[in-house]
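Inspection log for the structure reproduced underneath, given as structure tokens.
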2 protein chains.
Amino acid sequence: MNEPVFFGKLPSANPIADDGDDLHFCSTCAFAPVCLPEGVDKHALRELHMLVEHVGPFRTGEAIFRTGDRFAAIYAVRGGTVQTRLVDDAGREQVLGFHLPGEVIGLNAIHPEIYPCDAIAIESTYVCRFSFPALAILAAKVPRVQQQLFRLLSADIGKATQLAGDHSADERLAAFLLDLADRYAARGFSDRRFHLTMTRVDIANYLRFAAETVSRVLRRFQDRQLVLITGREVELLDLSALRRLARNISRR
Amino acid sequence: MNEPVFFGKLPSANPIADDGDDLHFCSTCAFAPVCLPEGVDKHALRELHMLVEHVGPFRTGEAIFRTGDRFAAIYAVRGGTVQTRLVDDAGREQVLGFHLPGEVIGLNAIHPEIYPCDAIAIESTYVCRFSFPALAILAAKVPRVQQQLFRLLSADIGKATQLAGDHSADERLAAFLLDLADRYAARGFSDRRFHLTMTRVDIANYLRFAAETVSRVLRRFQDRQLVLITGREVELLDLSALRRLARNISRR
DNA sequence: CGGCGGCTTGAAGGACGTCAAGATTAGTGG
DNA sequence: CCACTAATCTTGACGTCCTTCAAGCCGCCG
């Protein structure tokens, strides 16, 4: 497990996922399900590879896309972390999500045909660019690609819905930590110890409360032996208690 | 304008939208954009018609689908109102949305492959059923159908995102009223006077606050001459003031 | 007429936000 | 390696918006 590398401090310490080859994508990629099953048309798969562009690195604060840019592509995060956020008319920011390697951003731009939010790298970040018109054409030819696109879109509705529930700060933060743990685990990292790549302010904004509340709730969790926090290093000590706290937030 | 009919009280008073014919769907339907433009393959269009099943009526409280049902179809509301809601582990309800004629429900079930929420008729309701496997096959053949599905899915992400913002009760309720007004207007009804088909409790639950708060905010709006409320009849008096209140909730 | 669900209104309490001050960490240049 | 500065984070005190609890009202249907 390359955890130690992940926890390092140099930019190179958040490695790019494996590159894959002509027939296999980066194994953590959201499009991996398209490639893994047997019997996929190898020619079509090669086409999928053809239309991917590797882009990066983006430095902290740099934008993959910005609100109002014309929609032309969706992006899969290859390494690093991307934050999506929107700025309302009053100038207040609203963090919509943190996107880890393998996750796809930009799907919410298909309908408006412009990106409805900013996508900002919050550490050194690499992405794969999928031209959407090209992808749509491929989807019409390869059922599995179409199906995967439908699934990714549908899953995003579910994610957005989760955030919309009205829940206490404890519930939300417990769910947030468990969600991150699950997603890291799905990528082969530890599901108990991980590094927060985002600031408290960003977490607070994402969960819709004040930065101070993040500090206070984390302290409460720590006092109750649920977690161990050292700066941005997190260790989950009592998963079942955390799950009990988060249980009211429908997950999946 | 068939507003008077819409405001009537008999079950028959919420009429089914026009039925369309072989080449044109009900004009308010979410799939109308597929049919309206010139040059659409008429044979394919007929196929789309073939796979639609008209279902109903559902009486108040009856379910179009329920949480955990295996996903097989999406539905367009043809007449009436559908409420989607989920029940969390603690047994508390959460209203996800109110769906008016022409709007599509069930898209969030594609990924989990089971419906992640209940869809309940809150008045006498008719729907169109689209078998999803059949629709996916058609989408691969007819680019416009695929595109429309992508758009509907993407738009739903946006809608879910809106609800997720943290906003004051005034902001949320103003946005809610304006949103309803827009949607009724898009269906040919008045954008200033309409009938709330849902209870205060449901509105409150949808907006993530207590039922009492709905009453209090509506009263405040009325005292400030922004709206006129008579039971469930609503008249918007000062649209620009309401828009100013709601302005921080990103719309589209 | 009586009962019940839906709605309104008031009073009290609580969860979280805001403000302010300090502590800790990270980043930078000497 | 250290000094200095800025950013991030923590903690406390206080205020506020909204919830909760409780009571009463309205309209509808049996």
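By convention in this document, chain letters (A, B, ...) are assigned in the order of the sequence lines, proteins followed by strands, and residues within each chain are numbered from 1. None of these values were measured; they are calculated from a predicted model.
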Could you check how far CZ of A:R172 sits from P of C:dG17, rounded to whole Å? 10 Å

Between D:dT19 (P) and B:N205 (CG): distance, integer Å: 11 Å

Does the plane of the ring in A:Y184 sit parallel, tilted or perpendicular to the ring in A:F194? Use 30° and 60° as the thresholds. tilted

Whether A:R208 contacts C:dC16 is assessed here as follows: a side-chain N or O lying under 4.0 Å from the phosphate OP1 or OP2. Is that the case? no

Do side-chain atoms of B:T125 reach the backbone of B:T81 as a donor and acceptor pair under 3.5 angstrom? yes

Show the distances under 3.5 angstrom between N or O atoms of the protein and N or O atoms of nucleotides 10-13 of chain D.
from	atom 1	to	atom 2	distance (Å)
D:dT10	OP1	A:R200	NH2	3.4
D:dT10	OP2	A:R200	NE	3.0
D:dT10	OP2	A:S215	OG	2.4
D:dT10	O5'	A:S215	OG	3.4
D:dT11	OP1	A:R219	NE	3.1
D:dT11	OP1	A:R219	NH2	3.4
D:dT11	OP2	A:R219	NE	2.6
D:dG12	N7	A:R216	NH1	3.0

Looking at the side chain of A:S168, which of C:dC16, D:dC18, C:dT18 is the nearest nucleotide? C:dC16

Describe the nucleic acid contact of A:A169 in one word from base, sugar-phosphate, nothing, applying a heavy-atom distance below 4.0 Å. sugar-phosphate

May I have the distance from B:L196 (atom CG) to C:dC7 (atom C1'), rounded to whole angstrom? 13 Å

If we count only N and O atoms by modelled type, under 3.5 Å, do the side chains of A:Q83 and A:D202 hold a donor and an acceptor together? yes

Whether the side chain of B:R172 engages the backbone of B:G165 through a donor-acceptor N/O pair (distance < 3.5 Å, no angle test) should be reported. yes

Provide, to the nearest angstrom, the distance between the CG atom belonging to B:D166 and the C1' atom belonging to C:dC16. 11 Å

Closest to the side chain of B:T199, out of C:dC7, C:dG17, D:dT19, is C:dC7

What is the separation between atom CZ on B:R232 and atom C1' on C:dT8, rounded to the nearest whole Å? 15 Å

Whole Å only: how far is the CZ atom of A:F209 from the C1' atom of D:dC17? 17 Å

For the pair B:R200 and B:E212, evaluate salt bridge (Lys or Arg N to Asp or Glu O under 4.0 Å) and give the outcome as yes or no after the intermediate values. CA-CA 8 Å; B:R200 301 283 195 273; B:E212 292 89 333; over 6 Å; no

Starting at CD of B:E233 and ending at C1' of D:dG27, how long is that distance when rounded to a whole Å? 14 Å

Passing candidate, side-chain contact (heavy atoms from CB on, under 4.5 Å) with A:F65, options A:I105, A:I74, A:V82, A:D118: A:I105

Can you confirm if the aromatic rings of B:F176 and B:Y206 lie within a centre distance of less than 6.0 Å? yes

Rounded to whole angstrom units, what separation is found between the CD1 atom of A:I203 and the P atom of D:dT8? 13 Å

